[in-house]
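Structure record follows, encoded as structure tokens.
Chain letters run A, B, ... following the sequence lines, proteins first and then strands; every chain starts at 1. Keep in mind that the numbers below use all heavy atoms, side chains included, and drop hydrogens, waters and symmetry copies.
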Amino acid sequence: MHPPTSPPSCAAQLLDRCQQIAGLSLGELAAMAGIAVPATLQRHKGWQGQLLELWLGASAGSKPQQDFPDLGIELKTLPIDANWQPLETTYVCYAPLMAPPGITWQRSNVRNKLGQVLWLPLEGDRRIPVAERRVANAIMWSPTKAQDAQLCADWEELTEMIVLGQVEQITARQGQALHVRPKAANGSVLTDALGPEGERIRTRPRGFYLRKTFTRQILLNAFAQ
DNA sequence: AAATGATCATGA
DNA sequence: TCATGATCATTT
């Protein structure tokens, strides 16, 4: 078994690829792909995500697009514990701090990314060696009306603060499903944003993240089917 | 123990 | 620098 050399041509093929690797460990997948497994993810935080991208034929690289642009599908690995509880929040996308006036939820980067997501839960307990962590069955998900409304409400609240020059007042405590946190290599990285008087200020880059309570519901709903 | 704020690696 | 892939580690 080898990683595919081309992107999946349809959603069914993508799901088929997921079934092929479900239940396998990261060590097995890495070995078949000829990739070394890091002992710890401390300095390889995105490693498993990139390994799964390879196995599913996602277009690599860092584009502000979906992983499968032709299918409109975004791939997200989701580290879970023994009870299927997410262990981490889920990064969605960079938060534009110089948002064009008139940006709407419908046209936002967040909504575009979350329109259709292929969730790939995997064992993430740090007590399990990285190579032994197994991949679960994938879950294809699109937001329900209620979920979309919740995300929209959070996005509008946070985006309004950004547009009004209150980015420095934003806290990760805001937002029921979606929140904003720093997103950078370190605390010295700065980017342009708007100040209270509409002036240009320098601040730490931010990103949108999904809370664990939100992704947990997605997993629970998938089980309920 | 959970959540927030900080950080790591990589490519264009 | 921005954006991707995220988890780490300190604070609450």
Side-chain angles (χ1 to χ4, degrees), chain A residues 3 7 26 29-30 33 35-69 73-100 108-110 112-114 117-131 133 135 138 154 158 162 167-193 200-216:
Chain A
L26 295 179
L29 291 171
I35 291 174
V37 183
T40 163
L41 296 182
Q42 193 170 352
R43 292 186 168 271
H44 303 271
K45 295 185 182 182
W47 181 81
Q48 74 281 64
Q50 293 176 348
L51 177 67
L52 274 310
E53 280 186 348
L54 177 69
W55 272 98
L56 298 180
S59 36
S62 57
K63 306 182 209 59
Q65 300 266 319
Q66 286 105 339
D67 296 294
F68 303 98
I73 296 172
E74 173 75 9
L75 174 68
K76 291 287 181 200
T77 62
L78 186 60
I80 55 173
D81 67 13
N83 296 317
W84 283 69
Q85 304 259 10
L87 288 165
E88 297 288 347
T89 55
T90 300
Y91 171 67
V92 179
C93 64
Y94 223 65
L97 301 183
M98 298 291 277
S108 71
N109 210 337
V110 174
N112 181 48
K113 283 275 178 140
L114 298 181
V117 179
L118 183 66
W119 295 98
L120 219 46
L122 59 84
E123 291 176 322
D125 192 317
R126 293 191 206 177
R127 290 169 299 189
I128 306 175
V130 176
R133 299 182 191 177
V135 179
D154 291 341
L158 295 163
I162 291 172
V167 63
E168 300 286 23
Q169 275 70 57
I170 294 178
T171 252
R173 294 167 186 81
Q174 289 169 261
Q176 290 186 41
L178 189 73
H179 66 173
V180 163
R181 306 214 306 280
K183 171 67 172 168
N186 57 63
S188 68
V189 176
L190 296 175
T191 190
D192 287 344
R200 189 177 66 91
I201 62 170
R202 302 285 287 168
T203 188
R204 287 160 22 262
R206 313 296 161 93
F208 284 108
Y209 296 79
L210 292 177
R211 289 191 184 278
K212 289 189 277 187
T213 48
F214 188 78
T215 49
R216 179 164 159 270

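- Within the 4.0 angstrom heavy-atom criterion, only backbone atoms of the sugar-phosphate kind lie near Pro79(A); the bases stay farther away.
- Between dT1(C) and Arg202(A), a contact under 4.0 Å exists linking OP1 or OP2 to a side-chain N or O.
- Taking 4.0 angstrom as the limit, Arg181(A) places none of its side-chain polar atoms (N or O) nearer than this to OP1 or OP2 of dG5(B).
- Between the NZ atom of Lys45(A) and the C1' atom of dC8(C) there is a distance of 4 Å, rounded to whole Å.
- No hydrogens or angles were tested; on distance alone, nothing pairs the side chain of Lys183(A) with the base of dT7(B) as donor and acceptor under 3.5 Å.
- Nearest to the side-chain atoms of Arg126(A) among the listed nucleotides dC8(C), dG5(B), dT4(B) stands dC8(C).
- Following rounding to the nearest Å, Arg216(A) (CZ) and dA1(B) (C1') show an atom-to-atom distance of 15 Å.
- Of the listed nucleotides (dA3(C), dA3(B), dT7(C)), dA3(B) has the atom at the smallest distance from the side chain of Arg211(A).
- The phosphate of dT7(C) has OP1 or OP2 within less than 4.0 Å of a side-chain N or O from Gln48(A).
- Per the geometry, CG belonging to Leu122(A) stands 14 Å off P belonging to dG5(C), to the nearest Å.
- Checking dG5(C), dA9(C), dT4(B) against every side-chain atom of Ala172(A), the shortest atom distance belongs to dT4(B).
- In this structure, Lys183(A) is positioned above the aromatic face of Tyr91(A), its NZ or CZ under 6.0 Å from the six-membered ring centre and within 45° of the axis.
- The two residues His44(A) and Pro38(A) have their closest heavy-atom pair at CD2-CB, 3.5 Å.
- Taking 3.5 Å as the limit, the base of dC8(B) and the side chain of Gln42(A) contain no donor-acceptor pair of atoms between them.
- Nearest approach of Ala33(A) to Pro3(A), heavy atoms of both residues: CB-CG, 3.7 Å.
- Residue Tyr91(A) places no side-chain N or O under 4.0 Å from the OP1 or OP2 atom of dG5(C).
- Both Gly46(A) and Thr89(A) lie close to DNA chain B; mapped to their nearest nucleotides by heavy-atom distance, the more 5′-ward contact belongs to Thr89(A).
- Of the inter-residue distances, the one linking Phe68(A) atom CZ with Leu75(A) atom CG reads 5.5 Å to the nearest 0.5 angstrom.
- Put simply, CZ on Arg204(A) is 14 Å from P on dC8(B), counting in whole angstrom units.
- Side-chain N/O atoms of Arg181(A) and Thr89(A) include a donor and acceptor closer than 3.5 Å.
- Checking dA3(C), dG5(C), dT4(B) against the side-chain heavy atoms of Tyr94(A) singles out dA3(C) as nearest.
- Atom CG in Asn186(A) sits roughly 11 Å away from atom P in dT1(C) (whole-Å rounding).
- Between Leu190(A) and Thr77(A), the residue anchored nearer the 5' end of DNA chain C, judged by the nucleotide with its closest heavy atom, is Leu190(A).
- At the phosphate of dT12(C), neither OP1 nor OP2 sits under 4.0 Å from any side-chain N or O atom of Arg173(A).
- Within the 4.0 angstrom heavy-atom criterion, only backbone atoms of the sugar-phosphate kind lie near Glu74(A); the bases stay farther away.
- Put simply, CH2 on Trp47(A) is 18 Å from C1' on dC8(C), counting in whole angstrom units.
- Counting only heavy atoms from C-beta on, Tyr209(A) has its side chain closest to dA6(B) among dT4(C), dC8(B), dA6(B).
- Between the CG atom of Asn83(A) and the C1' atom of dA1(B) there is a distance of 14 Å, given to the nearest Å.
- Pro182(A) approaches Tyr209(A) most closely through the heavy-atom pair O-OH, 3.3 Å.
- Distance Glu88(A) CD to dT4(B) P: 12 Å, rounded to the nearest Å.
- The phosphate of dC2(C) (OP1 or OP2) has a side-chain N or O of Thr191(A) nearer than 4.0 angstrom.
- Mapping Lys76(A) and Thr40(A) onto DNA chain C by nearest heavy atom places Lys76(A) at the nucleotide closer to the 5' end.
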